[in-house]
Amino acid sequence: MPNKGRLHEPSVELLERAGLHVVDGADRKLHAETVDPDVTILFARAADIPEYVSDGAADVGITGLDQVAEARRENLVELLDLEFGSCKLVLAAPEDGDIATVGDLDGGRVATEFPNVTREFLDEQGVDAEITEVSGATELTPHVDIADAIVDITSTGTTLRMNRLSVVADVLESSVRLFAREDTRDHEKVRQVETALGSVLAADGKRYLMMNTPADALDEVKEVLPGMGGPTVMDIAGSDDVAVHAVVDDSEVFETINALKDVGASDVLVTEIERLVE
Ligand SMILES: Nc1ncnc2c1ncn2[C@@H]1O[C@H](COP(=O)(O)OP(=O)(O)OP(=O)(O)O)[C@@H](O)[C@H]1O
Ligand SMILES: O=P(O)(O)OC[C@H]1O[C@H](OP(=O)(O)OP(=O)(O)O)[C@H](O)[C@@H]1O
Ligand SMILES: [Mg+2]
């Protein structure tokens, strides 16, 4: 997983939430054990991670799809979209310049940290342009006569705007992915890591509802509860009421509680769900 930069913290946090705790991690340590003796973490540059997995130095990897696409390793397979680090690779050019469409770049020069993705995009578009590889601050290059346009990452759009560049075309939508090699994707341990990380994603935006309800109102309560299979119903010792538990989308909690109260439910508790293993 990424050793620094914007992807490091959220990657570590996801692993922690998934219960795969790092046990001997420390700042600047590039190798760590986890609570599972069979799972060791290697911390590497986001751009190097696809190669580490492809070449067998690691069995699964966590990094941006943009990096996986740039690495062009055919033995890599995506297991999960981890839904953070969302950004876009775009072709951008000076706001007040001559390049308004991809075709306008024919015969011109593009600077990028992503030469392979850029080459593939230009080929698909039937555009012949010279690609100059840079390793950062790409947004400067059209203003110092190194390039006519760039292919670079944007998320908020601030960097493009501050450097008077505007988007000419979208090249690739990216977010962080969990990926493996063709020959490791079915290993039991890889599956377990996939299940653990997937369970955190599955719980995102879900709430656990617990309530009491008179037994004769149970059918109406069940009708009100949306989503995921039937609710769990339990007897309450010494009472005619039953306890009902259900998983509900966060966006539906407000309406659902109002409807539950209307049909006779009481003592409704709403809690967060840490993980949901389906
Ligand atoms: N502005 C952004 N918004 C969202 N995701 C981004 C952004 N910039 C980069 N990313 C994602 O993070 C990945 C890593 O970016 P990068 O390698 O530039 O690391 P960094 O966070 O800039 O740290 P450093 O370059 O210092 O290692 C990119 O490949 C991309 O997937
Ligand atoms: O659309 P925005 O929100 O402005 O983000 C886009 C910027 O973010 C990244 O740079 P980063 O901050 O990672 O710096 P770097 O060049 O050192 O990698 C990317 O290379 C863009 O320059
Ligand atoms: Mg960066």
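Order of listing sets the numbers, starting from 1, for every ligand and every atom in it.
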Take [atom] and look for protein heavy atoms under 4.0 Å from it; say yes if you find one, no if not.
atom: atom 15 (P) of ligand 2; answer: no
atom: atom 26 (O) of ligand 1; answer: no
atom: atom 18 (O) of ligand 2; answer: no
atom: atom 5 (N) of ligand 1; answer: yes
atom: atom 12 (O) of ligand 2; answer: yes
atom: atom 16 (P) of ligand 1; answer: no

In terms of side-chain geometry, is the basic nitrogen of [X] or [Y] positioned less than 4.0 Å from the acidic oxygen of its partner?
X: Lys4; Y: Asp27; value: no
X: Arg191; Y: Glu188; value: no
X: Lys189; Y: Asp36; value: yes
X: Asp250; Y: Lys206; value: no

Below 4.0 Å from ligand 1: does a non-hydrogen atom of [X] turn up there or not?
X: Ala47; result: no
X: Ser175; result: no
X: Arg45; result: yes

Residues, nucleotides or ligands: over 12 heavy atoms within 6.0 Å of [X] [atom1]:
X: Lys29; atom1: NZ; value: yes
X: Glu274; atom1: CD; value: no
X: Asp123; atom1: CG; value: yes

Which pair of non-hydrogen atoms, one from [X] and one from [Y], has the smallest distance, and what is that distance?
X: Pro2; Y: Phe43; answer: O-CD2, 3.7 Å
X: Leu160; Y: Glu139; answer: CD2-CG, 4.3 Å
X: Leu201; Y: Leu80; answer: CD1-CD1, 4.4 Å

Below 4.0 angstrom from a heavy atom of [X], which ligand 1 atoms are there? Numbered from 1 as shown, please.
X: Gly5; value: 20 (P), 21 (O), 23 (O)
X: Gly64; value: 31 (O)
X: Leu7; value: 12 (O), 13 (C), 14 (C)

*Mark up the atoms of ligand 2 that fall under 4.0 Å of a heavy atom belonging to Thr158, in ascending order.*
1 (O), 4 (O)
*Output the list of atoms in ligand 2 that are nearer than 4.0 Å to some heavy atom of Asp152, sorted by atom number.*
20 (O), 22 (O)
*Say whether Ser54 and Asn75, considering side chains only, have a donor N or O and an acceptor N or O under 3.5 Å apart.*
yes
*asked:* Side chains of Thr159 and Arg161: any donor to acceptor distance under 3.5 Å?
replied: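 No, no side-chain donor-acceptor contact under 3.5 Å.
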Could you find the nearest protein heavy atom to [atom] and give me its residue, atom name and distance?
atom: atom 9 (C) of ligand 2; answer: Arg6 NH2, 3.7 Å
atom: atom 22 (O) of ligand 2; answer: Glu139 OE2, 2.6 Å
atom: atom 31 (O) of ligand 1; answer: Asp66 OD1, 2.9 Å
atom: atom 6 (C) of ligand 2; answer: Ile153 O, 3.5 Å
atom: atom 8 (N) of ligand 1; answer: Arg6 NE, 3.2 Å
atom: atom 4 (O) of ligand 2; answer: Thr159 OG1, 2.5 Å
atom: atom 3 (O) of ligand 2; answer: Thr156 OG1, 2.4 Å
atom: atom 3 (N) of ligand 1; answer: Ser155 OG, 2.9 Å

*asked:* Hydrophobic clustering (ILVMFWY, side-chain heavy atoms < 4.5 Å, transitive) - are Val168 and Leu165 grouped together?
replied: no
_Evaluate Gly157 for polar contact with ligand 2, using N/O atom pairs at a separation under 3.5 Å._
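Such a contact does occur with ligand 2.
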_Short N or O distance, Gln67 and ligand 1, threshold 3.5 Å exclusive_ = yes
_Keeping Thr184 on the side-chain end and Asp59 on the backbone end, is there a donor-acceptor pair under 3.5 Å?_
yes
